[in-house]
Amino acid sequence: MLGRHLLEMEWRDALFLHWPVSPETVAARLPEGLSVATHGGDAYLGVVPFVMADISPRGIPFGLSFPEVNLRTYVDGPRGRGVYFFNLDAADPIGVHVARRLFALPYYRAEMTVTAEGDRARPVATDRRVTFTSHRTHRGADPAHVDLEYGPAGEAFEAEPGSLAAFLVENYRFYAEGRRLYCGEIDHGPWPLHEADATVRTNTLFEANGFDAPGGAPIAHYSPAVDVTAERIRRVEF
């Protein structure tokens, strides 16, 4: 659990798409202080779109909402295992500006559209279908486009400790490189997961981040929502 957290929010309609890759593919792109985390000998690259809803300072009931999509991997670092972000594209020009100006983090402005049909709140909401599109508009940045349709398939479950699903989704720390290496801590209950039925119509985040697109179908999970608290981002000291 976190101490005195800074922000409260809800993450909605999250899709986790993951491709196994060689650890060497990831290691070549990590900053000093981080090493590749693997499961069963594989590293993973993940594309994760979702909606950040009702983002507000602690104790204030109303806040900002916007979609985000990121390309990530999993690492071991000075503060423990966590997510490492290669990019965070968001439909929040003010937040992107602040993150880049204060920390030079890899945030990019994007135009995004999220539409959904079906009931997100039902325990087994297999009729839920989400369309998520993102078009990067950040001046001077490499183009990046995402067009996805997805929803849950089958019964809800929680990832078993030590399982691949837990390795991919149950992460409560993140790292990102800006002017220095930064780290943030988050807290939430276990993700309520479904296997996902996902159609990837367009995804150029790999190319935008200098990776060859992995082959094969991704491992796909969907989660309807989770309540999240977050601390402020801190500089990592070695």
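Numbering starts at 1 and runs along the sequence shown.
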Around atom CZ of R101, are there more than 12 heavy atoms from other residues, nucleotides or ligands closer than 6.0 Å? no
Taking atom OG of S223 and atom NE2 of H188, what is their separation to the nearest 0.5 Å? 9.0 Å
Between T131 and V114, is any pair of side-chain heavy atoms under 4.5 Å apart? no
What closest approach, in Å, do F66 and A91 show between heavy atoms, and which atom pair accounts for it? CB-O, 3.6 Å
Are any of the side-chain heavy atoms of V47 and V69 separated by less than 4.5 Å? yes
With a 4.5 Å limit on heavy-atom distance, are the side chains of I233 and E185 in contact? no
Could you check Y175 against L34 for side-chain contact (heavy atoms from CB on, under 4.5 Å), going step by step and ending with a plain yes or no? CA-CA 9 Å; Y175 297 94; L34 300 181; 3.9 Å; yes
Quick one: pull up NE2 in H97 and CG in L102 and give me the separation to the nearest 0.5 Å. 8.0 Å
Is there a donor-acceptor contact under 3.5 Å linking the side chains of N209 and E207? no
Is there a donor-acceptor contact under 3.5 Å from the side chain of N87 to the main chain of L71? yes
Rounded to the nearest 0.5 angstrom, the CG-CG distance for L205 and D89 is 6.0 Å
Whether W191 side chain and V226 backbone form a donor-acceptor pair below 3.5 Å: no
Looking only at side chains, do Y172 and E170 share a donor and an acceptor under 3.5 Å apart? yes
Using a 4.5 Å cut-off on heavy atoms from C-beta on, say whether the side chain of V130 contacts that of E149. no
Do any N or O atoms from the side chain of H194 and from the backbone of G154 form a donor-acceptor pair under 3.5 angstrom? yes
Distance col, row L168:CG vs H18:NE2, nearest 0.5 angstrom, shows 4.5 Å
Under a 4.5 Å cut-off applied to non-hydrogen side-chain atoms, are C183 and R234 in contact? no
Short side-chain to backbone donor-acceptor contact, R173 and R81, under 3.5 Å: yes
Once rounded to the nearest 0.5 Å, what's the spacing between atom CG of L88 and atom CD of E68? 5.0 Å
Look only at the side chain of N171 and the backbone of F167, and say whether a donor-acceptor pair between them is shorter than 3.5 Å. yes
Report yes if the side chains of P49 and L148 come closer than 4.5 Å at any heavy-atom pair, otherwise no. yes
Counting N and O atoms only, with roles assigned by atom type, does the side chain of T204 sit under 3.5 Å from a partner on the main chain of H145, one being a donor and the other an acceptor? yes
I'd like to know whether the aromatic ring centres of Y182 and F174 sit less than 6.0 Å apart in this structure. no
How close do P23 and G41 get, heavy atom to heavy atom, and via which atoms? CG-O, 3.6 Å
Is there a side-chain contact between F50 and D13, using heavy atoms and a 4.5 Å cut-off? no
Any heavy-atom pair between the side chains of L17 and V48 that's under 4.5 Å? no
Output yes when R136 and D142 qualify as a salt bridge under the 4.0 Å nitrogen-oxygen rule, no when they do not. no
Steps toward side-chain contact (heavy atoms from CB on, under 4.5 Å) verdict (H138, R100): CA-CA 12 Å; H138 201 100; R100 293 183 68 90; 3.3 Å; yes
Checking Y44 against I219 for the side-chain contact (heavy atoms from CB on, under 4.5 Å) test, could you report, in this order, the C-alpha distance in whole Å, the side-chain angles of both residues, the deciding distance, and whether it holds? CA-CA 10 Å; Y44 283 84; I219 301 164; 3.9 Å; yes
If you measure from the Lys or Arg side-chain nitrogens to the Asp or Glu carboxylate oxygens, is any gap between E237 and R180 under 4.0 Å? yes
Between Y84 and Y74, ring centroids under 6.0 Å: no
Which atom pair, heavy atoms only, marks the closest approach of P224 to P192? CD-O, 3.4 Å
Work out which heavy atom in A220 is nearest to a heavy atom in E195; give both atom names and the distance. O-OE1, 3.6 Å
For residues 104-114, which residue pairs pass the side chain to side chain donor-acceptor pair (under 3.5 Å) check, not counting sequence neighbours? none
Straight-line distance of D187 CG to T229 OG1, nearest 0.5 Å: 4.5 Å
Evaluate the criterion side-chain contact (heavy atoms from CB on, under 4.5 Å) for residue pair T73 and V36; output intermediate values, then yes/no. CA-CA 8 Å; T73 193; V36 182; 5.6 Å; no
Tell me the closest heavy-atom pair linking R29 and F86, and the distance in Å. CB-CE2, 3.8 Å
Ring centres of F16 and H221 under 6.0 Å apart? no
Closest non-hydrogen atom pair, S134 against A110: OG-CB, 3.7 Å
For E117, look at atom CD and say whether over 12 heavy atoms of other residues, nucleotides or ligands are found less than 6.0 Å away. no
Just by modelled atom types, is the D54 backbone N or O under 3.5 Å from a matching donor or acceptor in the S65 side chain? yes
